[in-house]
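Taking it in order: structure first as structure tokens, then the write-up.
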Amino acid sequence: MYNSYTLLYMTINADLRILSRATPAATAPLVSPTGAGILHLGLGSFHRAHQAMYTAAAIQQDGGDWGIVGVASRSRTVVDALRAQDFLYSVATISPSGTSLAIPGVHTDAFVGAEHPERVVSQIADSGIRIVTLTVTENGYSYSPATQHLDLDDPIVRADLQGGAPRSTIGQLARGIQARAAAGGSPLSILSCDNLASNGEHTEKLVREFLHALPAGEASEALAFLDRGVTFPSSMVDRIVPSTTPQLRDEVAALLGAHDGIPVPGEPFTMWAIEDRFAGGRPSWEAGGAVFTDEVGRYEQMKVRLLNGTHSLIAYLGALRGVGTIPEAIGIDRIADAARAVMRGEYEPSVEVPADVDIRAYEAELFERWGNSALGHRTAQVGSDGSVKLRQRIPEPALLALGQGRMPHLIALTVAGYLSCLAPLPGFDPGTHAASMTDPARERLAGFSASVRDGAELARRVITDLQLFGAELAHQDAFIARVGELVDTIRRRGVDAALSDAVSSAEESMLETNPMNTKEGRR
Ligand code: CS2
């Protein structure tokens with residue numbers, strides 16, 4: 001489960017003061033990829049600290065042509081820096097006991113997708129590429145949170161369906177698959193590495209919906225190819241990767257003796273569980289510790305709910321409490337109690353634990369990971385994009401509890417925290433950390449908060465009218481009322497009062513369900 005990476009490869013061009021392959025390595029020789037078998041969409045920090053590291057380990061072990069062509073969606077920053085640095089950058093593994101560096105060296109090219117959308121399509125069609133991997137965030141799949149189907153009202157999706165160079169990820173995949181089918185249809189796998197439930201199935205469904213929405217006959221060859229030669233394995237990815245800071249650049253420069261413009265920080269823990277269904281082969285990612293398993297669905301559920309769901313609670317309540325980082329937030333007793341209670345009492349009952357995971361050890365490790373004070377993971381980062389992230393994290397566990405006659409008080413508190421940060425009612429100031437959270441629904445939420453009278457009305461507008469958490473939760477009146485109440489408590493009596501209220505209500509309802517539950521027993 002746990003890997004700590006050693007220094008894979010490092011070479012420093014002292015004259016240019018940038019990372020470069022030009023000077024032979026003084027220590028371990030780098031096994032460079034002999035070609036690119038992977039196209040990656042979403043060249044952000046997470047990919048560079050996670051998949052790239054596993055791929056580096058596989059190439060170190062086996063050699064081969066599993067290099068990665070990286071596609072950044074819009075920003076030039078990483079692409080320009082990678083080109084200037086001979087496609088090298090460092091991954092800084094940060095723990096309170098120190099920082100170590102690794103340089104994966106697996107990218108063979110990089111470009112900006114928005115600038116060259118036709119190249120994305122032709123790369124997917126290229127038979128040398130056997131895997132397309134994705135880290136485009138929960139927000140990058142162009143689906144409606146309410147229906148879970150491809151969002152045909154999204155103007156970008158509509159334009160992509162009409163032809164021209166596609167700009168949405170799903171449009172690019174579908175157009176690439178059409179081009180690949182036309183070019184002979186060599187086997188391909190598309191591997192989502194985003195925090196979405198059943199991410200492989202979900203991606204396949206959206207690509208198929210795109211193809212089915214094209215004029216009759218236009219996609220028949222591509223659809224036949226999908227049936228015959230394309231797989232969409234699911235995967236669960238895990239590594240906490242904060243944003244890069246100027247301090248990190250300085251620290252890396254000191255350790256490396258060279259300037260790296262795009263180092264990536266990451267925690268020591270890393271995990272990747274993957275379904276082993278690759279149509280055109282795959283790298284030996286197990287060399288980096290990846291687990292190939294039929295239980296990916298369980299790993300995903302466990303991670304998205306226990307880690308990500310609880311993370312959201314810590315981020316929103318922490319930000320409202322005025323703290324800027326996750327370790328500071330989890331250091332506040334009331335927030336730690338709420339995190340423990342939501343994890344054990346509200347998420348865990350909805351999860352089927354994978355056979356080889358010890359759930360108590362997993363949960364204890366989560367607290368250690370959140371407490372990594374050297375990492376500086378920001379509450380604003382975890383709190384951003386809640387409108388798309390929470391849809392993955394909360395509805396199913398909440399519905400399960402409600403169906404069993406239990407109110408999920410702490411999931412309700414998570415939603416109340418989210419609304420208080422992003423849609424503060426008039427007169428309530430959620431503070432600077434909440435103010436710096438970004439969210440695609442921010443404007444719509446701000447519109448609501450300006451026009452409602454209280455928390456109950458706000459919760460109804462967001463959960464029922466906007467169906468931000470799906471169609472089913474939209475009709476759970478008791479849950480919506482509880483969210484509204486907690487929004488009002490936060491506004492009138494403060495975050496601590498809302499935390500105490502939700503934690504003690506959760507304890508009471510647990511005792512009602514099972515009188516053998518005592519506070520000590522649950523710790
Ligand atoms: C976090 C995740 O930002 C968030 O919402 O919960 O990015 C989390 O750090 C990763 O999923 C950990 O693997």
Side-chain angles (χ1 to χ4, degrees), residues 1-3 42 44-54 91 93-95 134-140 192-197 199 234-244 264-274 288-291 296 299-319 324-327 329-330 335 339 342-343 347 357 362-363 365-372 374-394 397 411 414-415 417-418 421-422 433-434 436-441:
M1 252 208 220
Y2 174 91
N3 288 303
S45 299
F46 184 78
H47 157 74
R48 289 186 290 124
H50 189 267
Q51 182 196 336
M53 293 294 283
Y54 288 85
V91 177
T93 297
I94 301 177
S95 71
L134 309 172
T135 51
V136 293
T137 79
E138 293 90 333
N139 199 18
S192 166
C193 303
D194 283 301
N195 288 322
L196 299 161
N199 52 14
S234 279
S235 86
M236 182 283 290
V237 294
D238 193 4
R239 186 172 193 186
I240 294 175
V241 178
S243 318
T244 300
V264 190
E267 63 171 337
F269 181 95
T270 176
M271 194 173 181
W272 199 8
I274 314 169
V291 179
V296 171
Y299 275 98
E300 273 173 357
Q301 249 185 21
M302 176 179 77
K303 193 260 174 171
V304 167
R305 296 179 191 174
L306 269 54
L307 190 167
N308 297 118
T310 310
H311 224 180
S312 296
L313 178 142
I314 301 167
Y316 294 123
L317 279 299
T325 68
I326 297 290
I330 201 69
I335 295 184
V342 77
M343 196 165 71
Y347 288 125
V357 172
Y362 180 83
E363 290 174 352
E365 197 168 28
L366 285 180
F367 276 85
E368 249 175 62
R369 295 171 62 192
W370 293 324
N372 183 344
L375 206 54
H377 198 197
R378 287 168 47 246
T379 47
Q381 183 178 350
V382 179
S384 285
D385 292 341
S387 59
V388 273
K389 289 175 176 176
L390 290 176
R391 175 68 186 84
Q392 297 300 322
R393 303 176 184 188
I394 63 153
I411 293 182
T414 307
V415 177
Y418 168 65
C421 285
L422 274 291
H433 306 297
S436 60
M437 290 174 186
T438 56
D439 195 307

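Not measured: the values here are computed from a predicted model. Atoms within a ligand are numbered from 1 in the order they appear, just like the ligands themselves.
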For atom 7 (O) of ligand 1, is the nearest protein heavy atom closer than 4.0 Å?
no

Any atoms of ligand 1 less than 4.0 Å from a non-hydrogen atom of Lys389? List them with their elements.
3 (O), 4 (C), 5 (O)

If the contact criterion is a heavy-atom separation under 4.0 Å, does Met271 count as touching ligand 1?
no

Report yes or no: does Lys389 contribute a side-chain atom to a donor-acceptor pair with the main-chain N or O of Asn195 at less than 3.5 Å?
no

Give a yes or no answer on whether the side chain of Glu138 reaches the backbone of Leu390 with a donor-acceptor pair at less than 3.5 Å.
no

Which of the numbered atoms in ligand 1 are below 4.0 angstrom from a heavy atom of His377?
9 (O)

Check whether Thr135 reaches the backbone of Cys193 with its side chain - one donor and one acceptor, N or O, closer than 3.5 Å.
no

When you measure from atom 11 (O) of ligand 1 to every protein heavy atom, which one gives the shortest distance, and what is it?
Lys303 NZ, 2.6 Å

Between Ala319 and His433, what is the shortest heavy-atom contact and its length?
CB-CB, 3.9 Å

Taking Asp439 for its side chain and Ser387 for its backbone only, find out whether a donor-acceptor pair lies under 3.5 Å.
yes

Return the residue, atom name and 0.1 Å-rounded distance of the protein heavy atom closest to atom 2 (C) of ligand 1.
Asn308 ND2, 3.4 Å

Min heavy-atom dist Arg393 to ligand 1 below 4.0 Å
yes

Which class fits the ring pair Trp370 and Phe367: parallel under 30°, tilted 30 to 60°, perpendicular over 60°?
perpendicular

With rounding to the nearest 0.5 angstrom, report the CG to NE2 distance, Leu134 to His47.
11.0 Å

Over 60° means perpendicular and under 30° means parallel, so classify the ring planes of His311 and His377, tilted if in between.
tilted

Distance to 0.1 Å, residue and atom name: give those for the protein heavy atom nearest to atom 12 (C) of ligand 1.
Asp238 OD1, 3.3 Å

Can you list the atoms of ligand 1 that are under 4.0 Å from a heavy atom of His311?
1 (C), 6 (O), 8 (C), 9 (O)

The answer for which part of Val241 has a heavy atom under 4.0 Å from ligand 1 is neither

Numbering the atoms of ligand 1 from 1, which are under 4.0 Å from a heavy atom of Arg239?
12 (C), 13 (O)

